[in-house]
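Worksheet: one structure, shown below.
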Amino acid sequence: MDNWKRNTALFLTGQCISLFGSMLVHYSIMWYITLKTQSGWMMTLIAIAAALPMFLIAPFGGVWADRHNKKRIITLSDAAIAIITLLMALVISPDSDYSMLLLICLASRALGQGVQSPAINALIPELVPQEQLARINGIHGSIQSAVLFASPMAGGALLAIAPLRAILLIDVTTAIIGIGILLLFVKTPVRSRQNENQTGLKQYLRDISEGLNYIGKHPFAKKLIALGTVFYFMYAPAAVLTQLQVVRNWGDSIWTVPGGLPIGPEQRLAALNIVFFVGMTLGGLVMGVRGGFKDKNRSMMLALSLFGLNAALLGLFRNFWIYLFCVALCGIMLNVCSISIVTLLQTSVDSTFMGRVFSVLMMISSVMTPLGMVVWGPLADIFSIDRILIGTGGFLFALGFILIFNPTPARDRA
């Protein structure tokens with residue numbers, strides 16, 4: 001763990017640069033297809049192309065992270081994404097519509113991200129002392145939130161002044177920078193790898209099955225995975241339906257705030273998204289500076305309960321500015337809760353199963369919110385969104401409050 005601060009800072013810097021380029025291209029492709037087709041069906045295909053390949057490849061990504069050198073996996077997957085993006089930049093031209101080809105590009109990039117993400121989360125505990133994991137995960141989460149906040153705006157702005165080909169090349173450049181930093185400056189410990197030379201679908205499926213069995217026999221990991229499943233399902237209304245709620249509750253009215261600035265429906269929706277991402281960034285900074293409570297399990301449960309409370313308040317307040325304050329608090333608590341889950345898994349799971357455990361968590365986080373919307377979306381046309389938020393938020397508040405007083409020690413291993 002010598003020079004771990006320098007090592008970790010370089011690693012996070014490289015990943016931040018690479019992530020920004022990736023998200024810039026993701027949103028630029030999304031805006032491009034939206035403007036070219038103006039089709040709701042194409043928007044659905046974009047969501048599927050960005051999520052389904054990641055969900056399908058994640059179990060294998062977890063196995064590879066446990067079997068092989070994580071640094072190499074991150075490098076190869078980032079390089080593969082860059083090559084696919086470069087090929088796309090060489091093929092497209094401004095005079096033609098390449099929407100379907102760009103969907104294939106999105107799906108291919110999602111495969112690379114599904115391999116890369118478990119390896120990143122599994123590598124961090126190898127770089128960082130255990131007692132510092134919460135702080136580093138907080139900094140990492142804050143960086144990710146800031147990138148997610150900036151990249152849609154940057155992608156839209158660049159698409160207005162530059163051809164899509166140039167934006168794709170930006171991602172290739174950021175990937176090269178990220179890979180260069182990782183290969184040249186980040187030193188990772190040498191770990192023995194199990195079954196590294198055993199290949200074949202049966203062996204991979206056996207390894208995936210072993211990972212699932214490990215979670216099933218590990219009381220604390222099983223509890224965290226189950227909690228994440230419930231949380232991401234019940235979190236969906238606060239994450240997605242709030243935009244529709246703002247439109248329904250405040251309509252098309254134009255307000256004039258001090259200084260003569262008009263506030264219409266577009267500005268209110270923009271404010272909603274900005275405040276939420278700012279809250280997430282602040283939540284990451286809080287964890288990065290303080291690391292939460294010494295008992296990370298209690299930090300997680302308290303954040304879960306407070307997230308539920310503020311989500312419920314979104315269904316009660318009719319003052320838009322108080323509503324935005326609750327949205328910001330939801331963003332803060334969301335990141336505190338998510339970072340606590342990641343930290344607890346990193347400190348309680350056996351390193352030989354780390355990649356597979358995080359691949360399961362990634363699968364759950366990517367699928368449960370869309371699955372939740374299959375339920376909550378149609379219900380929003382029957383019941384008011386206010387009631388849905390009060391119900392789901394109240395449930396999460398009660399769940400976190402109960403679990404605060406019924407903790408499962410992280411040391412309980414199978």
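Here, residue 1 is the first one in the sequence, and each next residue gets the next number. Given the structure is predicted, the values throughout are model-derived calculations rather than measurements.
Ser305 contributes no side-chain N or O that, together with a main-chain N or O of Leu302, makes up a donor-acceptor pair within less than 3.5 Å. No donor-acceptor pair closer than 3.5 Å links the side chain of Trp376 to the backbone N or O of Ile385. A donor-acceptor contact shorter than 3.5 Å is absent between the side chain of Ser151 and the backbone of Phe20. Put simply, the side chain of Ser142 gets close to the backbone of Thr281: a donor and an acceptor are under 3.5 Å apart. Between the Thr392 side chain and the Ile388 main chain, a donor and an acceptor come within less than 3.5 Å of each other. At distances below 3.5 Å, not a single donor-acceptor pair connects side-chain atoms of Ser117 with backbone N or O atoms of Gly114. Side-chain atoms of Thr347 come within 3.5 Å of backbone atoms of Leu344 as a donor-acceptor pair (strictly under, hydrogens ignored). Not a single donor-acceptor pair under 3.5 Å links the side chain of Asp78 to the backbone N or O of Ile74.
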Criterion side chain to side chain contact (heavy atoms under 4.5 Å, CB included) on Arg6 and Phe185, from CA distance to verdict: CA-CA 9 Å; Arg6 174 184 176 277; Phe185 302 109; 4.2 Å; yes
Chi angles and distances behind the side chain to side chain contact (heavy atoms under 4.5 Å, CB included) call for Ile136, Leu12: CA-CA 9 Å; Ile136 297 304; Leu12 294 183; 4.1 Å; yes
From CA spacing to verdict: side chain to side chain contact (heavy atoms under 4.5 Å, CB included), Ile215, Val357: CA-CA 7 Å; Ile215 293 172; Val357 171; 4.0 Å; yes
Test log, rule side chain to side chain contact (heavy atoms under 4.5 Å, CB included), inputs Leu227 and Leu304: CA-CA 10 Å; Leu227 184 64; Leu304 173 66; 3.8 Å; yes
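Contact of the Thr242 side chain with the Leu314 side chain is registered, since non-hydrogen atoms from C-beta on lie closer than 4.5 Å. For the pair Asn7 and Asn3, the minimum side-chain heavy-atom distance is 4.5 Å or more. Arg356 is listed as a side-chain neighbour of Val63, based on a closest heavy-atom distance under 4.5 Å. The shortest side-chain heavy-atom distance between Asn297 and Lys223 falls under the 4.5 Å cut-off. Using a 4.5 Å cut-off on side-chain heavy atoms (C-beta onward), Leu389 and Leu241 make no contact. Looking at Leu329 and Leu313, their side chains never come closer than 4.5 Å, going by heavy atoms from C-beta outward. Looking at heavy atoms from C-beta onward, Phe11 lies in side-chain contact with Leu123 at the 4.5 angstrom threshold. Taking 4.5 Å as the limit, some side-chain heavy atom of Asp386 sits within range of a side-chain heavy atom of Asn249.
Ring centroids of Phe307 and Phe231 are separated by less than 6.0 Å, placing the two rings close together.
Considering all non-hydrogen atoms of both residues, Met88 and Leu101 come closest at CE-O, 3.4 Å. Residues Pro53 and Ala107 approach most closely at CB-O, 3.6 Å, considering heavy atoms. Shown here for Ala65 and Gly355, the closest heavy-atom pair between the two residues is CB-CA, 4.0 Å. Between Asn137 and Thr343 the shortest heavy-atom distance is ND2-OG1, 2.9 Å. Closest approach of Ala9 and Thr13 over heavy atoms only: O-OG1, 2.7 Å. In plain terms, the two heavy atoms of Val374 and Pro378 that are nearest each other are O-CD, 3.1 Å.
Between Tyr235 and Tyr232, the ring planes are perpendicular. Angles over 60° get that label, and only those under 30° would be called parallel. Ring geometry for Tyr214 against Phe353 counts as parallel: the plane angle stays under 30°, on a 0 to 90° scale with 60° as the upper cut.
Within a 6.0 Å sphere centred on CZ of Arg165, other residues, nucleotides and ligands contribute more than 12 heavy atoms. Phe325 CZ: 12 or fewer foreign heavy atoms inside a 6.0 Å radius.
To the nearest 0.5 Å, atoms CE (Met354) and OG (Ser348) are separated by 8.0 Å. Expressed to the nearest 0.5 Å, how far CG of Leu309 lies from SG of Cys330 amounts to 9.0 Å. If you take CG on Leu45 and OG on Ser99, they are separated by 10.5 Å, rounding to the nearest 0.5 Å. The structure places CG of Asp171 at 10.5 Å from CE of Met23, a figure rounded to the nearest 0.5 Å. To the nearest 0.5 angstrom, Gln130 atom CD is 10.0 Å from Gln346 atom CD. Note that CD1 of Ile143 and SG of Cys16 are 5.0 Å apart. Values are rounded to the nearest 0.5 Å.
Results of the side chain to side chain contact (heavy atoms under 4.5 Å, CB included) test with Phe358 over Val349, Ile120, Asp66, Leu345 single out Leu345 as the only residue that passes.
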